[in-house]
Amino acid sequence: MARVKNCFVIPGTFDEAGFTKSLKELALRFEAAQPAGNFDILDCHDQSLRASAKVLIQTDGSLFLLRGGRAETQRCKVKGKFVQDLPDGSVKAGLAGFPKLRALMSVGAGRAKHRSFAILGDLQKTQVRGTMMLMSSDQGQVTVVTVQHMRGYDRAYKTVCEKLTKLEGGKSKAKPLFDWLFPDATIYKAKPEIRVCKQEPSIEVATDIIRTYLAVARQNEAGVIHDIDTEFLHDYRVSLRRVRSVISLFKGVLSPEQTAALKREFSGLMEPTGRARDLDVYLLEKDSYFNLIPPNLHEGAVAMFVQFERERSQALGRLSRRFRTQSYDNQMKKLTKLFADPTNLQPGPNADRPAYEYARALIWKRYRKACKLARGITPNTPDESVHNLRIDCKKLRYLMEFFAPLFDAKAFKTIIKSLKKLQDNLGLFNDFSVQQEALLNFVKQHTNKQGRADAQLTLSVGGLISVLDQRQLAERDRVIASFKHFDSPDIRHLFRSLFHQKEG
């Protein structure tokens, strides 16, 4: 049965003598120590729990969730990789909001010693119960103390909590616990903060961004190889896409020859990841696909997803083997070395242009191009034009995010919020289009030489395509509505004031 208790995190080992002395009329009595066991701190790759001041600890057969000064325990072994796989209980409930696509994984491990204790009054009656867990890693120690309130002994409970709060030092619990145990741990961030100065040469800005996102990409390789969750491949691709965007969008910062060569090289790195990611997306949408068609068409859809799973396994296997090769590792190390210092690069005519001036020109030009295309979108505009608008908006968003530190944060937030809404609609429009094309290709691949395909498969795919086509048409209308908001006088004024008006 799950129980909720107050919790205190104390650096190092617990000072039993000092704590006992501070209790005065109360006495501390320990029960026999339990055998030492192992512990793992569970989180996802980007440590969402740690960022939200939570700690999830797995010990032998139990989960322990620390959040906001409260400790929740639940007996269970983590068999699945995802929070939704956990049995119902207070720990699972406390993990509501954890990213559904991110797997739980060990981000730190060590040994744990558990001891129960009681706080006794003058008649040797137990007034407070608690536990201590001494957690030890190769780099540090921390003691987690939990106390349980007992009816009728409010004063004793309050006294114990006050004394433990002083020992704790009043610090937040999640980050110090992790930092004390694993001070040298590298904390993964999919979008690291990159400092940019107004007068910084643009080639230095480009180098900083590319170097940073190359490192992010490399941090995701092991997760792809071990197939921990699908977000590792997603983050890997997004990181390289950002690198490729810098190379193509920072016009004139690198020489034309080096720009062309790097475009080819990064396209070559991206290409082998495409099919595995496409199949990940289809499989993640499996339940929604089944919900789109009536039950009598499910048989063909089942067969289709069995084939998708088989192909996904093969595609990921090829990609994993590629990541393990020496040639791939050498290529990534060579690129990392190239972008370690701007002097390694071949400068173009805009290499020394100050970042602020250069950013304003780039963003204003990209904004005007996107608006010109968007204003021509109607219910009859070809899909290709809508797809081109999606690409232009993505490029505009990347540029704005790269140079965000140079501009007013409040104004940027307003613009990005409106742009993101438009991008979301454009993304769905594109997804519905790509999915229809993929389903048609799937039927063609499973059609024999006489032009015959499995009847159930054809019916299921036909039903899905029909629904996706209707959704795509509806999303086109939302694209037009979202752009009207993005093209409002207020947003236009913000763009002009930030990126086009002369500085006063």
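- With sequence neighbours excluded, no residue forms a side-chain hydrogen bond (donor to acceptor under 3.5 Å, both in side chains) with Ser202.
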*Using the ring-ring contact (aromatic ring centres under 6.0 Å, His included) rule, take Phe495 and His500 through it: C-alpha gap first, then chi angles, then the decisive distance, then the call.*
CA-CA 7 Å; Phe495 265 103; His500 191 57; over 10 Å; no

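- Listed by first then second residue, pairs satisfying salt bridge (Lys or Arg N to Asp or Glu O under 4.0 Å) with a partner in residues 423-436 read Lys420-Asp424, not counting sequence neighbours.
- Taking 4.5 Å as the limit, every side-chain heavy atom of Asp43 sits out of range of all side-chain heavy atoms of Met105.
- Sorted by first and then second residue, the side chain to side chain donor-acceptor pair (under 3.5 Å) pairs with a member in residues 55-65 read Ser62-Arg75; sequence neighbours excluded.
- Listed by chain and residue number, nothing satisfies the side-chain hydrogen bond (donor to acceptor under 3.5 Å, both in side chains) test with Ser248 (two or more places apart in sequence, or in another chain).
- Taking CG of Asp88 as the reference point, atom SG of Cys76 lies at 10.5 Å (rounded to 0.5 Å).
- Within the structure, ring-ring contact (aromatic ring centres under 6.0 Å, His included) pairs that include any residue of residues 210-235 comprise His45-Phe232 (at least two apart or interchain).
- Taking the centre of each ring, Phe305 and Tyr289 come in below the 6.0 Å mark.
- No more than 12 heavy atoms of other residues, nucleotides or ligands sit less than 6.0 Å from atom CZ of Arg368.
- Residue pairs satisfying the salt bridge (Lys or Arg N to Asp or Glu O under 4.0 Å) criterion with at least one member in residues 377-387, sequence neighbours excluded, are listed as follows: Asp383-Arg476.
- With sequence neighbours excluded, the residues that form a side-chain contact (heavy atoms from CB on, under 4.5 Å) with Asn425 are Lys421, Glu475, Arg478, Val479, Ser482.
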Would you tabulate the side-chain donor-acceptor contacts of residues 402-415 under 3.5 Å, counting partners in other chains and residues two or more places apart, or write 'none'?
| residue | atom | partner | partner atom | Å |
| --- | --- | --- | --- | --- |
| Asp408 | OD2 | Lys410 | N | 3.4 |
| Asp408 | OD2 | Ala411 | N | 2.8 |
| Thr414 | OG1 | Lys410 | O | 3.2 |

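- Between Leu419 and Gln423 there is a side-chain heavy-atom pair separated by less than 4.5 Å.
- The side-chain heavy atoms of Phe250 and Leu254, taken from C-beta on, include no pair separated by under 4.5 Å.
- Applying the side-chain hydrogen bond (donor to acceptor under 3.5 Å, both in side chains) test to Glu231 and every residue at least two apart in sequence or in another chain returns nothing.
- Not one N or O on the side chain of Ser433 forms a donor-acceptor pair closer than 3.5 Å with the backbone of Phe429.
- Residue pairs meeting the salt bridge (Lys or Arg N to Asp or Glu O under 4.0 Å) criterion with at least one member in residues 326-335, sequence neighbours excluded, are Arg218-Asp329, Asp329-Lys333.
- Take Thr186 and apply the side-chain hydrogen bond (donor to acceptor under 3.5 Å, both in side chains) test, not counting sequence neighbours, and it matches no residue.
- Counting only residues at least two apart or in different chains, salt bridge (Lys or Arg N to Asp or Glu O under 4.0 Å) contacts with residues 258-280 comprise Arg275-Glu311, Asp280-Arg312.
- Leu440 has its side chain within reach of Ile465: a pair of non-hydrogen atoms, C-beta onward, lies under 4.5 Å apart.
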